[in-house]
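Reviewing the structure listed below.
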Amino acid sequence: MKKLFTILVLLITTIGYSQSGNGYVNYKAVKTHSGTGDTSAYGPHALSTADFDKMLDTSLPQNTLIGEGEVDADTSAGFAGGNPPGVSGDFYAVEFTGWFFAKASGQYTFYLYSDDSSEVLVNGQLVSYSYTGGSRRVSGKITLEANTWYPFKMRWQEYTGGAYGYLQMYSSMFNGFYYPGHADYPVSNLPPVIPLVYNVNYNINQNIDATTFSVNTHYKISEQETSQNSNSSSKSLGSNGSVDIGTQIDETLYVNGTKKATTVGGSTEWVIIYGYDATNQRYRIGIDKREFPSGFDFTQLTELQLFDIYDGPIEYKSDDSAWAEYYWYRDTNYPWSTSSYYNTYMRSGNGFMAFKAEVSFEDIESIREQYVIFNSPTTQELETLVSEIITVSDIYTAFQQLSGGGLMGGFGDEYNYGIQYSNSDVNRDGQFTDDDTFMMLDWLNGGSLFDTSYLAAVMKLIKTDDYNSISSTSWNNHTTRTMYPLNLNTTDENYDINVSVSWLGDVNLSHSPTPTNNLSVTGKSFRPTLTKKTEGDIEIEFNTEIIGENLVVTLNLNPLNEQVVGTQFKINYDSSKLTYVTTEFTNNKLNNFHTNRGSFISLGSISTDGMVTLDSTTQYTLTFKTKEVKSGLGLVSIKPIDAVNKEGTQLKMIIK
Amino acid sequence: MKKLYYIFIFLFLFSCTQDEIEVAPQPQPIIVSSIFDSEQTVVTNEMLLEFDLPQDGIYYLIISKDESVVSKEKFTGILGNHTHTIYTKSLLDENYTLILQNESNLELQKTFIVIQK
């Protein structure tokens, strides 16, 4: 029997609470005019919003709360009469509050029919009103945006005589006149949940498929460690590089270890502020240590609320045996006498202001520091990506830039943008030197000096505004990273940030966005931009043939009219059927390279000083050992990666 | 006691059952006859492509995309029906053109293939 009772109670409670939400509005009913017609605080009829405010102010002795709760909006207790539970007789005012949902964009008309005064406010704007005694019909219009919740309130009051307060709606986008709460005019007494929108717009070069990347959101644990948010699941970038990570973000407020000091007027001068330091534009504040709890870490106090004078951040300065001192930064000195605490709780001393203040401390809560982080691609995906980004033309361009027309020739004005210097600094020591070009060449030859084995080693994320203004002298503070700070706050619900994605080693920016400002903006001259040609500039005769137990692959170069100083190819192969043996080169006067990267061979040639060109005798012969194959079709495939001529122009290759 | 009885019955029935070793059947290669007679063929790894050669001699089978060669093999064939294995692991899952050329690089046959690994 006891159980049944408990279940019934629970059921009734659940039903009671389940009414809240769609279709309902909150109401407040107040007995006004002292219940007798007393007009000492306000007139018999509300003649303005301010009058309604007074009639509904239960702190006034003339008013008594007689009802409060929620009602079905589309009933006589709601807008079809305006008589919620508790109202009867004369001298009362009723207020309905909630949110109205505009289903379509356009004009909405609000009709009031009341006795006596009434008004309706939408989104804080007075839309329709009847400020008079007796019965009256009025209407007002407002334009609203589709799919948006608007706060609204309807108020009416009864002095004597007829008593009703109707509210109806009309819009040409729907048929008929209805009370709010109808399907065409939804209302709710629950605040709308506005989902967080956080658009990260990654500016990614069109040569890279943005959709192959995905991101997650992490929170900071320490300077070296992050952890993925529990509500974060991978989101892929759109084809334009944008992604909304709003659902990945943790908006919970956490105690962050810092404290806030708050003050009230007291009897002892526990706080002192010294004279204004105009040079550093700050005040020095001293708080008596006896006001702090035992064991308090004074460096953790980061905010102060001081009477009605200041409420904001402070900076720890120092502490001695008596005082903990902080800086309060401020452009000008403060007019102390304007404070309402001035006469009672403040004393102007010799070079200081003393405050009779009792200080208390509270934990500061904040949203966690969070980052959007690229998910790691597979090793093979990354190797493929990097091999296409960092190519012979990057390395040739870097060599030419560095040689600067010296003994080795070259131009020295190859770079048009500051980010090119940054991308050339592959050893990340803040300088672009021979060490960097040596590492690039080593990488091309299959060496490991330039570590490209993880995404954060090569990817650069730079705020787009900054990316577009990197100069030839201020490029060395953009290191590689896959994480980007979100800078969240507790007020914004809509973020939109732009981040440019560049790559360490992408010297010619073939896979990075082109900055909007070139180096001429920063005063440096440069050679006119060399554009990549679109027609076939050179041809490569490609062939494979099974000879004995080997599959022999040949590439014969036909440079046509170009002075080719660099080539690079990617030969994909079926590693379950082939074992790579070697590559032979006919032209040994320049740097030839061949690197086995597991599922493909990266090979080609580069003349870093441009003194040797690749002519029509140039041939590359790759040998693979076969394993149980019947023919060779499809066992290897070729992808031309890059070719560059003596002027540093990337060339279009046609495979024949 | 009843439980024990059932356990004994179970052990008696199944303890001496001969193990059945399932031998997975070897996959048979898929043969596509007259590949060049089809307008488009979906091709998987190690599929056998059949086509006719007009005479004894040297031929090229070419896989190309956007008029650029992606893979090519030179082979010697004899007059009549010829069967050729195609491997797909080095290729992307995309649409290609399959071309048969003679030794003089003259195009003899052409069709479209869709690679599915």
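Residue numbers begin at 1 in each chain, while the letters A, B, ... track the order of the sequences.
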Close contacts, residues 91-107 of chain B versus chain A, judged by heavy atoms under 4.5 Å: Leu91(B), Leu98(B)

Validation row, ring centre Tyr620(A) to ring centre Phe585(A) under 6.0 Å: yes

Check: Thr88(B) main-chain N/O paired with Asn45(B) side-chain donor or acceptor under 3.5 Å: yes

Donor-acceptor under 3.5 Å (Asn592(A) side chain, Asn587(A) main chain): yes

Phe51(B)/Tyr59(B) aromatic ring centres below 6.0 Å: no

Member of Lys577(A), Lys627(A), Lys625(A) meeting the salt bridge (charged side-chain N to carboxylate O under 4.0 Å, His left out) criterion with Glu549(A): Lys625(A)

Axial cation check for Phe542(A) ring with Lys72(B), 6.0 Å and 45° limits: no

Between Asn572(A), Leu551(A), Asn543(A), the one whose heavy-atom pairs under 4.5 Å with chain B are most numerous: Asn543(A)

Gly238(A) backbone acceptor or donor facing Ser242(A) side chain under 3.5 Å: no

Inter-chain contacts: residues 33-42 of chain B against chain A, heavy atoms under 4.5 Å: none

Mutual orientation of the aromatic rings belonging to Phe374(A) and Phe213(A) [parallel < 30°, tilted 30-60°, perpendicular > 60°]: perpendicular

Minimum heavy-atom distance Val69(B)-Ile638(A), with the two atoms named: O-CG2, 3.6 Å

